[in-house]
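I have placed the structure first, in the form of structure tokens, so that the comments after it can refer back to it.
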Amino acid sequence: MSATIDQPRLSYSNDELLSSHDYAAPHVVAGRTLHGGFLADGTYMPPRALGRVPALKAWEQALRERGGQPFPASSSLLGGVRLPNTEQRLILHRNGITDEFWNMLTVVGKIEARGAFIGLFPVPDLSMYIVEDTTTMGIGHLAGGLFEAHGIDEGGIPAEGIGGHDEMWFAARDLAFGPDAHPDVEPQPGLAREDGGRYLPEVAQEIEDLFSFIANVLIIEFRAEIGFAETQRILRTPGLFGERSDDAVLAAEIVGRIRTDEEIHVRSLNLYLGELQSVTVRTLDGGTIAGASLVDRFWDGMVHWATVEKPRLDAERTRERLVERILQDPDGERILAEFQAAAD
Ligand SMILES: [Fe+2]
Ligand SMILES: [Fe+2]
């Protein structure tokens, strides 16, 4: 790369954005070949970070120089009731109801696998909808490697036997529990927000879809952090995994590597949404509207759904199932009392 510090390069090829470091050691855990790898000093390095990370930095700087900024997603996005919360998960596990945590790790892995769809999102030709030239922005590279890299990070490259985040969760699970500890489980159908119709009716559907897709994925990725922290705390709880304690600590380390990968995702999405706020969008009637006012239109409602309504509905749905599960245990009444006393 010939870029100087003063003028970082703002255009990147597909191959550059998909390029990985020259790892000193591959990432293999519990017999699974996983993405990413280790540098000579032993540090874990995420996959497809060689071109992507410097590119993100350059686009962030350019955005700031134009008077914008990456979208300031804040910790308020992490709110909402949790059921079970971390303490309740520990109570279940200590009382021998270990399938709950096993199921959680399995389900999270399967949901990560579905993230492969990010690479398939139909990015419209932005020059039709956005006044400014986006070819030197992050959003101008969504179809040119960025969404593809993101999708592969989540779902891996199954044809090459390389696991992404899906396999990393399964590896963590199997380290903590040993293989086939419980029957396989599928995610419950996700709760979808009631369709309120178009939020941005004055612009083309394709560009509204891009705005809302990026905002939705940002919220999901940002909130995933809650589950990462919780999982690591459980895996590192002394004595909880008996003779598998050392493996459970390694499992927490795997989750830490997923967390490191996800930093690139959140950083990317903050950049894309900040860029979308900074541009001018063409309206269907031949006029224009500021991207920022389009984001304002839907952001608060989306956050309210994700941090208040959805957690409450999820908790209601889970409470019923969990009470039934706990009462199957011979000591169910006592465990349930302990469980309820630890509620948020
Ligand atoms: Fe992920
Ligand atoms: Fe992600």
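For the numbers below, each heavy atom of this structure counts, side chains included, while hydrogens, waters and symmetry mates do not. Keep in mind the model is a prediction, meaning the values are calculated, not measured.
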message = Quick check: do Glu316 and Asp314 have side-chain heavy atoms less than 4.5 Å from each other?
response = no

ask   = What do the steps show when you test Thr106 against Arg173 for side chain to side chain donor-acceptor pair (under 3.5 Å), and what is the final call?
value = CA-CA 7 Å; Thr106 303; Arg173 175 197 67 193; 2.9 Å; yes

query = Mind checking whether Ile97 and Glu100 have side chains closer than 4.5 Å, heavy atoms only?
reply = yes

key: Residue among Glu206, Arg282, Glu208 satisfying side-chain contact (heavy atoms from CB on, under 4.5 Å) with Tyr129   = Glu206

request  = Apply side-chain contact (heavy atoms from CB on, under 4.5 Å) to Asp344 and Leu83, showing your working.
outcome  = CA-CA 8 Å; Asp344 274 357; Leu83 184 104; over 6 Å; no

query = Does Arg267 pair with Glu263 as a salt bridge, N-O distance under 4.0 Å?
reply = no

Hydrophobic cluster of Met45, others only, ordered by chain and residue number, side-chain cut-off 4.5 Å = Tyr23, Leu39

query = Heavy atoms, side chains only, cut-off 4.5 Å: are Leu327 and Glu333 in contact?
reply = yes

Where Met168 and Arg257 come nearest, the two heavy atoms and their spacing = CE-CB, 3.8 Å

task = Could you tell me whether Phe222 and Phe71 have their ring centroids closer than 6.0 angstrom?
result = no

ask   = With side chains defined as the heavy atoms from C-beta onward, is the minimum distance between Leu63 and Ser278 less than 4.5 Å?
value = yes

key: Distance, nearest 0.5 Å, that separates CD1 of Ile264 from CD of Glu221   = 11.0 Å

Residue pair Val249 / Glu253, side-chain heavy-atom distance below 4.5 Å = no

request  = Verify the ring-centre separation between Tyr272 and Trp59: is it less than 6.0 angstrom?
outcome  = no

task = Take Arg325 and Asp99 through the test side-chain contact (heavy atoms from CB on, under 4.5 Å) and record every step on the way to the result.
result = CA-CA 10 Å; Arg325 171 67 189 89; Asp99 51 325; 2.9 Å; yes

task = Kindly compute the distance separating CG (Leu17) from CG (Leu146), expressed to the nearest 0.5 Å.
result = 5.0 Å

Minimum heavy-atom distance Asn103-Pro183, with the two atoms named = OD1-O, 4.4 Å

key: Verdict with reasoning, His35 to Glu167, per side chain to side chain donor-acceptor pair (under 3.5 Å)   = CA-CA 9 Å; His35 72 199; Glu167 291 279 327; over 6 Å; no

ask   = In terms of hydrophobic clusters joined by side-chain contacts under 4.5 Å, are Phe147 and Val266 together?
value = yes

inquiry  = I'd like to know if Asp174 pairs up with Arg32 as an ion pair, taking the criterion as any Lys NZ or Arg NE/NH1/NH2 lying under 4.0 Å from an Asp or Glu carboxylate oxygen.
reply    = yes

key: Heavy-atom side-chain contact between Gln61 and Lys57 under 4.5 Å   = no

query = Using 30° and 60° as the class limits, which term best fits the ring planes of His150 and His265: parallel, tilted or perpendicular?
reply = parallel

key: Nearest heavy-atom neighbours spanning Ile289 and Ser293   = CG1-OG, 3.3 Å

ask   = Which hydrophobic side chains are connected to Phe170, either touching it within the sub-4.5 Å cutoff or through other members that do?
value = none

Point-to-point distance, once rounded to the nearest 0.5 Å, from CG of Leu92 to CD of Glu87 = 10.5 Å

ask   = Side-chain donor-acceptor pair under 3.5 Å between Arg259 and Gln232, yes or no?
value = yes

Arg82 with Glu230: basic N within carboxylate O range, under 4.0 Å = yes

inquiry  = Evaluate Asp15 against Ser13 for side chain to side chain donor-acceptor pair (under 3.5 Å), listing each step before the verdict.
reply    = CA-CA 5 Å; Asp15 285 349; Ser13 71; 5.4 Å; no

query = Which value, rounded to the nearest 0.5 Å, describes the distance between Leu235 atom CG and Thr231 atom OG1?
reply = 6.5 Å

request  = With the side chain counted from C-beta on, respond yes when Ile118 and Asp153 share a heavy-atom pair under 4.5 Å apart, and no when they do not.
outcome  = no

task = Give a yes or no on whether Glu320 atom CD has more than 12 heavy-atom contacts from other residues, nucleotides or ligands under 6.0 Å away.
result = no

task = Taking salt bridge (charged side-chain N to carboxylate O under 4.0 Å, His left out) as the test, write out the residues that go with Glu148, two or more places apart.
result = none

key: Note, Ile219 side chain near Met302 side chain (heavy atom, < 4.5 Å)   = yes

inquiry  = Would you say the rings of His93 and Phe177 are close, in the sense that their centroids are separated by under 6.0 Å?
reply    = yes

query = Closest approach of Ser19 and Glu16, non-hydrogen atoms and distance?
reply = OG-O, 2.7 Å

message = If I take atom CG from residue Leu142 and atom CG from residue Leu210, how far apart are they, to the nearest 0.5 angstrom?
response = 6.0 Å

task = With sequence neighbours excluded, tell me which residues meet side-chain hydrogen bond (donor to acceptor under 3.5 Å, both in side chains) with His141.
result = none

query = Closest heavy-atom contact between Gly109 and Trp169?
reply = CA-CB, 3.7 Å

note = Nearest heavy-atom contact between Arg9 and Ala58 is O-CB, 3.4 Å

query = How about Asp41 and Thr43: does a side-chain donor come under 3.5 Å of a side-chain acceptor?
reply = yes

Exceeds 12 heavy-atom contacts within 6.0 angstrom, atom CG of Asp184 = yes

key: More than 12 heavy atoms of other groups within 6.0 Å of Asp22 CG   = no

request  = Tell me, yes or no, whether the heavy-atom count around Asp180 atom CG, taken from other residues, nucleotides or ligands under 6.0 Å, exceeds 12.
outcome  = no

note = Value for CD (Gln88) from CG (Asn85), rounded to nearest 0.5 Å, stands at 4.0 Å

request  = Just jot down the salt bridge (charged side-chain N to carboxylate O under 4.0 Å, His left out) partners of Arg64, sequence neighbours excluded, or say none.
outcome  = none

query = Do side-chain atoms of Gln277 reach the backbone of Gly291 as a donor and acceptor pair under 3.5 angstrom?
reply = no

message = Applying side-chain contact (heavy atoms from CB on, under 4.5 Å), can you list everything that pairs with Arg114, at least two apart in sequence or on another chain?
response = Pro187

